[in-house]
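Report on the structure given below.
Position 1 is the first residue of the sequence, and the numbers go up from there. If you're wondering where the values come from, they're calculated on a predicted model, not measured in any experiment.
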Amino acid sequence: MLRNAFEPWHLILIIAVLVLLFGSKKLPDMARGLGRSMRILKSEAKALKDDRATEPAEAPRAESAARH
């Protein structure tokens with residue numbers, strides 16, 4: 001259904017609108033901030049995944065203690 005959602009001319013149009021709205025001086029700063037945010041999100045997701053990987057080993061002991 002959305003097989004051809006974004007064609008190259010769509011991306012060019014989006015970039016042109018962004019340049020007109022924000023100006024060429026603010027775009028690099030915005031991209032840098034977005035990159036930092038993505039790195040933080042990725043590291044937090046990895047930490048959460050690592051926490052979940054270690055959690056099942058600890059969870060059964062807590063459940064068995066709660067049942068008795």
Please report, to 0.1 Å, the donor-acceptor pairs under 3.5 Å made by any side chain of residues 38-45, with sequence neighbours excluded.
from  : atom 1 : to    : atom 2 : distance (Å)
Ser43 : OG     : Arg39 : O      : 3.4
Ser43 : OG     : Ile40 : O      : 2.9

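- Considering only heavy atoms from C-beta on, Thr54 stays 4.5 Å or farther from Asp50 through its side chain.
- Hydrophobic clustering, with ILVMFWY side chains joined whenever heavy atoms are under 4.5 angstrom apart, groups Val17 together with Ile14.
- For Leu27, the side-chain contact (heavy atoms from CB on, under 4.5 Å) partners two or more places apart in sequence, or in a different chain, are Leu18, Val19, Phe22, Met30.
- Residue pairs meeting the side-chain hydrogen bond (donor to acceptor under 3.5 Å, both in side chains) criterion with at least one member in residues 18-31, sequence neighbours excluded, are Asp29-Arg32.
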